[in-house]
Number of protein chains: 2
Amino acid sequence: MMVPLLVAFYYGDPLYPFLVAVVVTGLTGILLSYRYKEADEWKIREGFAIVAFGWLAAAAFGSIPYMLDGISPVNALFESMSGFTTTGATVLLDIEAHSKSILFWRGMTQWIGGMGIIMLFIAILPKLGVAGRQLFRAEAPGPTEDKLKPRIRETAKILWLVYLSISLAEVAALLLAKLSLYDAINHTFTTMACGGFSPYADSIAAFNSPLVEGIITVFMFISGANFALHYRTLYTDRNSLLKDDEFKFYSFIVIAATVILTFSLWNSMGETIFNSFRYAAFQVVSITTTTGFATVDFNLWTDSAKIVLLAVMFVGGCAGSTSGGIKVVRIFLLIKYAQRALFKSIHPKAVKPIKFNNKTVPDDVMQAIVSFVVIYLMIFGISTGLLSLMGMDIMSSLTSSIATLGNIGPGFNLVGPMANFDVVPFVGKLLLIANMWIGRLEVFTVIVLLTPEFWRR
Amino acid sequence: MMVPLLVAFYYGDPLYPFLVAVVVTGLTGILLSYRYKEADEWKIREGFAIVAFGWLAAAAFGSIPYMLDGISPVNALFESMSGFTTTGATVLLDIEAHSKSILFWRGMTQWIGGMGIIMLFIAILPKLGVAGRQLFRAEAPGPTEDKLKPRIRETAKILWLVYLSISLAEVAALLLAKLSLYDAINHTFTTMACGGFSPYADSIAAFNSPLVEGIITVFMFISGANFALHYRTLYTDRNSLLKDDEFKFYSFIVIAATVILTFSLWNSMGETIFNSFRYAAFQVVSITTTTGFATVDFNLWTDSAKIVLLAVMFVGGCAGSTSGGIKVVRIFLLIKYAQRALFKSIHPKAVKPIKFNNKTVPDDVMQAIVSFVVIYLMIFGISTGLLSLMGMDIMSSLTSSIATLGNIGPGFNLVGPMANFDVVPFVGKLLLIANMWIGRLEVFTVIVLLTPEFWRR
Ligand SMILES: [K+]
Ligand SMILES: [K+]
């Protein structure tokens, strides 16, 4: 807590923000001290409620500094939820007009949110059985079990250390690339969290530096991968990442999308091949990892280039990372599930288990993953429909829905990377705030609160 | 075979078309005479191959009359596949310029295709285990089993009779509404098949008659419901439709979408409430049943109205009807599947079967349904991506993909209801032809042909 306090004093910022930080830390602490007995239904409900309302409370408290800065309550809540969920969608009309301390706070909410989400994904959600324990290497049975310390408090400390170490490495790299300390820290906050808030309206395009773009691309890519694997790579087995099915598929998606987008930009936009690659690589990594930084206004691209970004919006990064979206592992397993169905339609009586990292994925885990995607797409569809009925065009409705539900940030048209979510109608903003909340907490955590079963004694 | 032969002689049409009709009938005959032993893997493969290549052969033979009329081979195949799959997407630039007999043939391909698809869905696919036997009431176990004659040849005869009877009723109704015999028969062909080809470029708007629209709306709605239920309603139990979960949900979707669209048109397009309802009801029924007729150029609507049609494009009509799309029963069961997942996240050890018409849906059927939707959406996504990369705008790519895969017909933008698929690039047309074929044969039938397992001894 010391570093941000010092920064705040340095800029003469009010202390409210730290109230929030204390609340978040406190809640995480309470949560970590819980020892859920599995299948204890009451404990599971409490867990859902603490996580869901904890994040909501953080967003509510976190909106206070914005309101003190003269921003309307709904916009303040939007910006704060966008921070803590590491979405990065902004309603600030003139970003540079806001004080440095507000923009620092804005970036810091993402860094806190990012740490929270790694914790949630690796240490808490598996206890609640959300979306299948198999997704979480820390919980996986077999030879890897003892690799990451089993006790939840120690896991938390280890992940905190890994997150902090990689953050410091990025700050150092950005300082070497001649960024100011303020810019280096603020962009590290938002890169590490796959957050995407930038203190500049032009995002990373403001620096116009291939070196800065390269550094940020590398750290976005790292932040979009599993932090439990980063721990193992750093401390136990250098090849942990390369052995992982999800990481391999994640790398494949990023490379394939970059190649396609490079050719599309080169062909349809008349860019040089170098510039096409430069724009393609950054934008693909930014959108796949759901960071949402931009080095170009991709809203001005032709549809044949936009479609590549639209496609990766529906994938997202890896489980156990700070990224949002459906997640690579779920897409990977869904493809295997479809393959098995085709196989079974020819061999109806054959038994063909679905494998992930050489282990069989149990049927109930597969069911949880499929249900996740079904509910995710339903919320996406309903949100798109409602925004359209409010008068937004279909492409803006569609991309603002996926950009908030997937915690990406920018979309196309009205909500493009150099545009602003302030154009969304009031009720639409509330809907998008809900999307960010639902998406960040892996859907189930929030949606179960809406079921009558949840409230029944 | 006698009626179309007479018509052809009357208009002096070449006899090629009837070669095709003979091929189709012949293939259906071969298929019907098969007695698949379940789980006999070789017989299953043969079944898939006969159905898939049979439809392809029908489309290929059926394109001959168009080619003789001076249409390019790819356009002729497109139009013919669009006919036999009852899609109704057209590449004819000046429809009225073509001869009456060609347009009659065009409508008749849909009527033949529609009968074929009812047969396929109710009598053949269940034997192949596609997408779950539970979908097909004729095959369902329990008290209803003997309601529809169990023997496949008798089933075929019964369905043929029902299809013919309802067709005759529509011809009679349209004659009473003062349509010419030619128009009445041709529109009956394309209504009953949920096909949507019209001999007029302006589709049903050409008549500008609320009475004609009303009649066609009713028969589209009937054609989008299960023909096995129509048989029972006519011959055994008048309340068969009203007792059916799928029909109830289908009716709910049509009513809800009509209400929303009426208000949207009234609010955003400045129409009178009566005209809003008139346009809304026809267009909703036309798109939900995947017929694709239009009484207005809905491409000119605001996005807040278009979104309603876009939503129902992803639903489609009922299983065992002539409609395409994902089908109401699959959406119904998918929602129940998602509800169960939410329930299970609170009660991990609870057992909660999914019910349809008061019967438990077995797990393997549920798996088949989920896999169907997954593969369907993947093909939709890939198709949209490829068309965009070919230079089509995203909305045209998206709607032409769903309009062909769902056998709907028209989409938005370049492929709107008063526009034409001729603008699609050459390779794109081949892709859309594949979409129609894949979508019409319930995806699996065609996609299994692409798996190495299919060809392995
Ligand atoms: K983001
Ligand atoms: K159609």
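No hydrogens, no waters, no symmetry mates; every other heavy atom, side chains included, goes into these values. Below, chains carry the letters A, B, ... as their sequence lines are ordered, and counting in each starts from 1. Because the structure is a prediction, the values reported are computed rather than measured.
No side-chain heavy atom of A/T384 sits under 4.5 Å from any side-chain heavy atom of B/L310. Side-chain contact between B/I394 and A/M395: present, with at least one pair of heavy atoms (C-beta onward) separated by less than 4.5 Å. Within the 4.5 Å cutoff, the side chain of A/T302 has no heavy atoms near those of the B/D393 side chain. Between A/Q367 and B/M366, every side-chain heavy-atom pair lies at or beyond the 4.5 Å cut-off. Within the 4.5 Å cutoff, side-chain heavy atoms of A/I335 are placed close to those of B/M378.
Contact tally against chain B (heavy-atom pairs below 4.5 Å) for A/S397, A/G391, A/A338: the top residue is A/A338. The most heavy-atom pairs under 4.5 Å with chain B, out of A/L377, A/V373, A/L334, come from A/L334. Looking only at heavy-atom pairs under 4.5 Å with chain B, the residue among A/S371, A/S264, A/S268, A/P452 that has the most is A/S371.
In this structure, chain B has no heavy atom under 4.5 Å from any part of A/L450. Proximity to chain B is limited to the side chain of A/V308, based on heavy atoms less than 4.5 angstrom apart. In this structure, chain B has a heavy atom under 4.5 Å from the side chain of A/D363, while its backbone stays farther away. Neither the backbone nor the side chain of A/A311 comes within less than 4.5 Å of any heavy atom of chain B. Residue A/L387: no heavy atom, backbone or side chain, is found under 4.5 Å from chain B. Of the atoms belonging to A/M392, it is backbone heavy atoms, and not side-chain ones, that fall under 4.5 Å from chain B.
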Quick one: do A/V370 and B/Y337 satisfy side-chain contact (heavy atoms from CB on, under 4.5 Å)? Show the steps, please.
CA-CA 9 Å; A/V370 170; B/Y337 188 80; 3.7 Å; yes

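Of the candidates A/T451, A/V448, A/T445, A/I447, B/S345 forms a side chain to side chain contact (heavy atoms under 4.5 Å, CB included) with just one, namely A/V448.
Rounding to the nearest 0.5 Å gives a distance of 12.0 Å between OG of B/S304 and CG of A/L386. The distance from atom CG of A/L389 to atom CZ of B/F263, rounded to the nearest 0.5 Å, is 12.5 Å.
Counting all heavy atoms, side chain and backbone alike, A/G385 lies closest to B/I307 at CA-CG1, 3.8 Å.
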